2 protein chains.
Amino acid sequence: MARRRQAVTIKHVAQDAGVSLQTVSRVINNEPNVRPAMKERIQASIDKLGYVPSIAAQRMSGSRSYLILAINDRERTIADWRARQGSDWIDQMLLGGMLKCAEHGYRMIFELVDTHNDHVERELGATIAALQPDGVILTPPHSDNPLIAGLLAKHGIPFARIGSRGTGAGFALTMGDETSAYEATRHLIDLGHSRIGFITGSDEYSLSEWRHQGYVRAMTEAGLDPQTWCAEGDFSYASGAAAARRLLAMADRPTAIIASNDQMTLAALDTATQAGLAVPADLSLVCFDNTPVTRFTNPQLTAVDQPIAATFSRAVELLLDRDAAAPKAPVDVPGELIVRGSTAPPAARPSG
Amino acid sequence: MARRRQAVTIKHVAQDAGVSLQTVSRVINNEPNVRPAMKERIQASIDKLGYVPSIAAQRMSGSRSYLILAINDRERTIADWRARQGSDWIDQMLLGGMLKCAEHGYRMIFELVDTHNDHVERELGATIAALQPDGVILTPPHSDNPLIAGLLAKHGIPFARIGSRGTGAGFALTMGDETSAYEATRHLIDLGHSRIGFITGSDEYSLSEWRHQGYVRAMTEAGLDPQTWCAEGDFSYASGAAAARRLLAMADRPTAIIASNDQMTLAALDTATQAGLAVPADLSLVCFDNTPVTRFTNPQLTAVDQPIAATFSRAVELLLDRDAAAPKAPVDVPGELIVRGSTAPPAARPSG
DNA sequence: GTGAAAGCGCTAACAA
DNA sequence: TTGTTAGCGCTTTCAC
């Protein structure tokens, strides 16, 4: 208890099994060239003594650190935590990433980094020097930051870029945005809608554009006008409300609206209600991002599920598979449309 | 880039500043016995080279690991993540704990542990051996687990027990449950209620009892009956619904109900609505735990805020303050009553 | 106040 | 297939 040292070290195991340190090390790391009998004997000693390698020592001797670092935007994350609006990005990241790491004996550690900061490099560089992670996961809006990519590449650390299609160092993963937007639009078209509105997200995020593209594709394919009912938003409630007001004031107002995130959908719902429109009877609504709030509105919102957990899980897998080469093309993890109560056939035509 | 090594080590700094490794180490660790001029010169080299100590090496040489480990219940945490109901315990833990750690150059790492498992000790023992954290934070229901406390004490690792009043190794912190329950009850009494219902939580959690005690104290103090309108629940929605049904079926039904968590409050709200009672006109409702969902009901719920972030922040502070002795008595971080739309004077009497 | 030596627990490289 | 040696980057002795 005095000065804290490892209780059971590789030495104890070696001694107990009557072999050299190196052989024990081989067993720990599942390396070849150990006779089964020997391996078994050593494993028995390990179990008996309850030995667990110190990751600090492993890292020190030039091996792996068993740490995966995930980077999130500081400002946005803290704002979400403080707001307590039920945004669960971090939770889903943990659900997918942390659990997958655990399966491989890894830990996921995450840091908040300021993108709009000129010393991102220093900040992140310090973390890397201190932790020496075996892999890094970048999330928007860091995913396409060339400074970060350059730094990571320089250090030779494999990294994943979530929500990116960019090429260059590391590998990219997307969350089915284009396809999901296409499907959400199709869902409305199949229901009989033809005047379908779309509220875009902030163009600081590439996925805003992808979502828009999916909408345009579905509309065009169905011979519908993909421009008239398109309104700009920036992911904020206020921008969503403004966009919805504009859309609903049109002579030829849309009978359905797809909004690029939950806050804007909420805003559209409130705006419609205030305008005396019932959802979904007078207006159908599709929400992007299946966040908790979609379950608490009245009616519950039909939403596009963003596969956050699955994507992080996949990113970790790719990072840890040292044999496979990093994917060249962006890996697309498909999203899913969750149909709830906010979508129905348009009122104007027989709904039966 | 080949075999990954530290880019800038203490050696480089020592060489650059023209001093011994030891002196640099003293500066890094803010130790005495370094002349100011010397310190400045070394600091300049550190800044110039962008040196950051490797925590692996620091830990190796018997110093600190700069890691704080937080332990949460595996089953409950994963269930919450999967449910996506907006439970934000982990987020608030991170907000308070992780940010406070960062202030001190520490990282917070967290693990999910199975309490209802006979090898908790082995599981946690392995994590401790691998990570060698400088401190551990236990959350319910681990906080009062004697196996865990024993293990930690044996290793000489300081630890905090959140949501506990138990004595023994480590130190305890509570989140103002008794006082908050008292205040919530007072709030209703002040509003003019006298038949106030209370739905208890699972007795696997000590805080259920504390909350109940606060209610009893306020009722008794006001000369009201603290027994008649008390119903048992276990934190689940189903149990809350059953309890609410029982309460509302009474001839002398309560005009207000306090439920020991958000799910049970939701259940009470739904039950009341189904019974044709308006909230708050016919029934006032107070929610324990100011989780996101309290903002999404109609009306929004008057709720007791559980100071999760503040408590974790405090726990980290206490863990890292190596000079101060660990607190003897439980540290109570006060909660707060957030008044929203679900409480009002009872209908029976003039409400003006 | 500063420096030199030893060693933490482990693995890479080499030798046997 | 196994063992030996050296060293990772840092902090602890202890000497000056």
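Small disclaimer: the values here were computed from a predicted structure and weren't measured. Residue numbering restarts at 1 for every chain, and letters A, B, ... go by the order of the sequence lines.
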> Where the side chain of A/S63 is defined as all heavy atoms beyond and including C-beta, which of C/dT11, C/dC8, D/dT11 is the nearest nucleotide?
Replying inline: C/dT11
> When rounded to the nearest 0.5 angstrom, what is the spacing between CD1 in B/I109 and CE in B/M98?
Replying inline: 11.0 Å
>> The criterion is side chain to side chain contact (heavy atoms under 4.5 Å, CB included); which residues satisfy it with A/A126, sequence neighbours excluded?
In response: B/V52
>> Nearest whole Å is fine: how far is D/dT12 C1' from B/R64 CZ?
In response: 14 Å
> Which nucleotide, D/dG9, C/dC8, C/dT11, lies nearest any side-chain atom of B/A57?
Replying inline: D/dG9
> Rounded to the nearest Å, what distance is computed from the CD atom of residue A/Q58 to the P atom of nucleotide C/dC10?
Replying inline: 7 Å
> Can we say A/R74 and A/E123 salt-bridge, meaning some charged N sits less than 4.0 Å from an Asp/Glu carboxylate O?
Replying inline: yes
> Which sits closer to the 5' end of DNA chain D, B/E31 or B/M60, going by the nucleotide each is nearest to?
Replying inline: B/M60
>> Can you measure B/I46 atom CD1 to D/dC10 atom P for me and round it to whole angstrom units?
In response: 10 Å
>> Nearest whole Å is fine: how far is C/dC10 C1' from B/R59 CZ?
In response: 14 Å
>> Using every non-hydrogen atom in the two residues, find where A/A14 and A/V24 come nearest and quote the distance to one decimal.
In response: CA-CG2, 3.7 Å
> To the nearest angstrom, how far is A/H12 atom NE2 from C/dC10 atom C1'?
Replying inline: 14 Å
> Rounding to a whole Å, what distance do you find between A/Q132:CD and C/dC10:C1'?
Replying inline: 14 Å
> C/dG9 phosphate, OP1 or OP2: any side-chain N/O from A/S54 under 4.0 angstrom?
Replying inline: no
>> So, does A/Y51 get its side chain near the phosphate of C/dC10, meaning an N or O under 4.0 Å from OP1 or OP2?
In response: yes
What pairs of nitrogen or oxygen atoms, one from the protein and one from nucleotides 1-3 of chain C, lie under 3.5 Å apart?
{"residue": "C/dG1", "atom": "OP2", "partner": "B/N33", "partner atom": "OD1", "Å": "2.9"}
{"residue": "C/dG1", "atom": "O3'", "partner": "B/R35", "partner atom": "NE", "Å": "3.4"}
{"residue": "C/dG1", "atom": "O3'", "partner": "B/R35", "partner atom": "NH2", "Å": "3.3"}
{"residue": "C/dT2", "atom": "OP2", "partner": "B/R35", "partner atom": "N", "Å": "2.8"}
{"residue": "C/dT2", "atom": "O4", "partner": "B/R26", "partner atom": "NH2", "Å": "3.4"}
{"residue": "C/dG3", "atom": "OP2", "partner": "B/S20", "partner atom": "N", "Å": "3.2"}
{"residue": "C/dG3", "atom": "OP2", "partner": "B/S20", "partner atom": "OG", "Å": "3.1"}
{"residue": "C/dG3", "atom": "OP2", "partner": "B/T23", "partner atom": "OG1", "Å": "2.5"}
{"residue": "C/dG3", "atom": "O6", "partner": "B/R26", "partner atom": "NH2", "Å": "2.8"}

> About how many Å separate CD of A/Q6 and NE2 of A/H12, when rounded to the nearest 0.5 Å?
Replying inline: 9.5 Å
>> So, using side-chain hydrogen bond (donor to acceptor under 3.5 Å, both in side chains) as the criterion, who are the partners of B/T311 when residues are at least two apart?
In response: none
> Can you check the B/I55 CD1 to C/dC8 C1' distance for me, whole Å?
Replying inline: 16 Å
> Once you round it to whole Å, what is the distance between C1' of D/dT11 and CG of B/N30?
Replying inline: 15 Å
>> In terms of relative ring orientation, are B/Y66 and B/Y106 parallel, tilted or perpendicular, with 30° and 60° separating the classes?
In response: tilted
